There are 2 protein chains.
Amino acid sequence: MTRPTLGRLVQESTAAIIASRLRKAIRDGELPAGAQLGEAQLARELGVSRGPLREGMQRLTQEGLVISIRNRGLFVVELTADDVRDVYVARSAVERAAAQLVLQRDVAAAADQLLAVVNEMRQAADDQRSDRVGDLDLEFHNVLVSLAGSPRLSRTHHTLLTETRMCINALQTTYPPPDERVPEHRAIAEALLLVDPGVVDRLIVTHMADAVTRLLTVVPPS
Amino acid sequence: MTRPTLGRLVQESTAAIIASRLRKAIRDGELPAGAQLGEAQLARELGVSRGPLREGMQRLTQEGLVISIRNRGLFVVELTADDVRDVYVARSAVERAAAQLVLQRDVAAAADQLLAVVNEMRQAADDQRSDRVGDLDLEFHNVLVSLAGSPRLSRTHHTLLTETRMCINALQTTYPPPDERVPEHRAIAEALLLVDPGVVDRLIVTHMADAVTRLLTVVPPS
DNA sequence: GCTCGTAGGATTGTCAACAATAGTGGCCAC
DNA sequence: GTGGCCACTATTGTTGACAATCCTACGAGC
């Protein structure tokens with residue numbers, strides 16, 4: 001008998017913890033794109049041996065956040081313009097599907113959670129806290145996909161958000177004005193309440209297309 | 001200067017090879033669902049040490065094909081009815097997006113490749129080679145997503161096809177008649193030639209829904 | 001009879017040493 | 001001056017051994 005409230009007590013594997021730490025470091029730009037990751041050094045910094053560290057690295061290479069060249073080393077992936085487009089292609093696929101699933105569930109509760117994020121975003125925008133607006137942007141999409149309740153979509157999406165954040169960091173200098181982004185997200189959240197699949201879908205597609213355009217106007221189109 | 005024809009010469013990592021081997025073994029049911037994977041034994045069989053083997057395992061756990069319980073061991077994931085549904089939710093997301101991308105590319109060439117697979121499927125069905133029909137079914141969807149040219153969709157899809165195959169293996173006893181499946185795939189391939197996004201999209205959605213229904217009529221609905 | 005505590009065995013987690021490989025700089029021949 | 005050869009160094013790849021943990025079985029105590 002397992003009570004629903006008491007989740008199973010599992011200690012996640014060391015490799016998972018290491019991967020999680022490094023993922024965060026890559027996401028936040030502490031490990032910049034293209035940087036070589038020396039195993040010995042990273043192992044020292046994390047206080048583990050090279051064995052577990054290499055195991056964690058395998059997870060990141062599987063996700064595509066790190067590329068491994070045999071006998072050369074591990075490097076943080078460098079996202080090209082094509083990669084940026086591809087990230088948003090994949091995000092569109094995942095988030096459109098997630099939104100449709102949300103429409104088949106408790107839409108009202110979902111809209112509540114999303115609007116809460118939007119309101120925080122509004123506040124942050126008013127306070128000129130551009131970086132926090134960015135965090136909440138990602139959080140909005142994270143919540144949206146989580147609400148769909150699909151483990152596989154969530155897992156894929158998690159990696160995609162990490163890559164999205166990498167793009168933003170790389171182009172941090174000029175990022176779009178917050179005042180555009182807040183209403184776009186609010187529109188998506190409110191559209192859910194209409195329970196019209198077509199409207200939600202179109203809004204998401206547009207939202208993604210806009211994001212790519214904004215990101216790539218800075219980068220030379222390859 | 002790297003010529004397009006001459007791909008970069010890279011030797012893939014040992015962990016990647018091990019993961020690939022095990023993925024195939026899991027896909028084909030040689031390592032049945034729920035089975036514990038003893039590290040020592042597998043390492044012996046593959047002729048490697050436990051280190052590289054564990055690295056390969058991390059990739060599979062990241063993909064969700066294997067679950068790791070600390071100090072207990074690694075187990076091949078057991079797919080529940082909810083998992084089957086989720087696999088097809090994710091496949092729908094990926095393949096619908098892929099199809100839309102294909103429509104923006106060389107549709108004629110794509111349809112050619114897909115129809116070639118369908119014709120082989122027709123032949124196999126006529127020969128009563130049910131297992132080969134199944135292989136070609138997966139091959140069809142693999143080609144479809146490959147043609148989209150999206151690395152991220154392809155990577156996700158690869159895992160999903162492995163899981164699909166696991167489902168089929170688990171329920172191998174009663175699998176749907178080939179004569180239904182061949183025309184369904186042919187319809188999708190031919191719809192591409194119409195260059196009507198709506199038609200293709202609807203066909204894929206239906207195809208996926210049908211597949212789930214077929215798979216779950218055997219399993220007790222949870 | 002049931003529970004608790006405890007050895008035994010087996011498996012996983014971690015580590016440090018060894019082997020193999022690629023990059024680097026210098027030297028020599030042409 | 002250019003190209004080829006060769007040791008040297010640093011890093012990665014692999015291994016076997018050791019430590020920690022869990023499951024099982026068995027016996028003592030209530």
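Note that the structure is a prediction, hence the values are computed from the model and not measured. Lettering of chains follows the sequences in order, A, B, ..., and the numbering in each one begins at 1. The figures here come from the full heavy-atom set of this structure, side chains too, leaving out hydrogens, waters and symmetry mates.
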(request) Scan residues 38-47 of chain A against DNA chain D and write down, sorted by residue number, each residue with any heavy atom closer than 4.0 Å; if none is found, say none. (result) A:Gly38, A:Glu39
(request) In plain terms, say whether B:Glu163 and B:Arg91 are close enough for a salt bridge, that is, a side-chain N and a carboxylate O under 4.0 Å apart. (result) no
(request) Starting from P on C:dA22, measure out to CG on A:Leu74 and report it in whole angstrom. (result) 16 Å
(request) Look only at the side chain of A:Asn142 and the backbone of A:Leu138, and say whether a donor-acceptor pair between them is shorter than 3.5 Å. (result) no
(request) For the side chain of A:Ser49, starting at C-beta, report the closest nucleotide among C:dC15, C:dT12, C:dA22. (result) C:dC15
(request) Determine, for B:Arg85 against B:Asp82, whether the closest basic-nitrogen to carboxylate-oxygen distance falls under 4.0 angstrom. (result) yes
(request) Check every strand shown and say whether B:Arg54 touches a base, only sugar-phosphate, or nothing at a heavy-atom separation below 4.0 Å. (result) base
(request) Shoot me the first and last contacting nucleotide of DNA chain D against chain A, ordered 5' to 3', at under 4.0 angstrom to non-hydrogen atoms. (result) D:dT12 to D:dT14
(request) Give the ring-plane orientation class for B:His207 versus B:His185, where under 30° counts as parallel, over 60° as perpendicular and anything between as tilted. (result) perpendicular
(message) So A:Gly51, base contact, sugar-phosphate only, or nothing? Heavy-atom distance under 4.0 Å.
(response) nothing
(request) Give the rounded distance in Å between these two atoms: CZ of B:Arg50 and P of C:dC15. (result) 14 Å
Side chains of residues 13-28 of chain B: which donor-acceptor partners sit under 3.5 Å, not counting sequence neighbours?
residue, atom, partner, partner atom, Å
B:Ser13, OG, B:Ala16, N, 3.2
B:Thr14, OG1, A:Arg70, NH1, 3.2
B:Arg23, NE, B:Glu63, OE1, 3.3
B:Arg23, NE, B:Glu63, OE2, 3.0
B:Arg23, NH2, B:Glu63, OE2, 2.6

(message) Taking the basic N atoms (NZ, or NE/NH1/NH2) and the acidic carboxylate oxygens, is any pair closer than 4.0 Å for B:Arg214 and B:Glu184?
(response) yes
(message) Heavy atoms only, 4.0 Å cut-off, all strands: where does B:Thr14 land among base, sugar-phosphate and nothing?
(response) sugar-phosphate
(message) Donor-acceptor pair, distance only, cut-off 3.5 Å: does the side chain of A:Asp112 make one with the backbone of A:Ala109?
(response) no
(request) Could you check how far CG of B:Leu53 sits from P of C:dG13, rounded to whole Å? (result) 12 Å
(request) Keeping the roles fixed (side chain from B:Asp137, backbone from B:Arg181), state whether a donor-acceptor pair exists under 3.5 Å. (result) no
(request) For B:Glu55 and C:dG13, give me the distance from atom CD to atom P, rounded to whole Å. (result) 14 Å
(message) Do A:Leu144 and A:Leu114 make a side-chain contact, defined as non-hydrogen atoms from C-beta onward lying under 4.5 Å apart?
(response) yes
(request) Rounded off to whole Å, could you give me the CG-to-P distance for the B:Asn71 and C:dT11 pair? (result) 14 Å
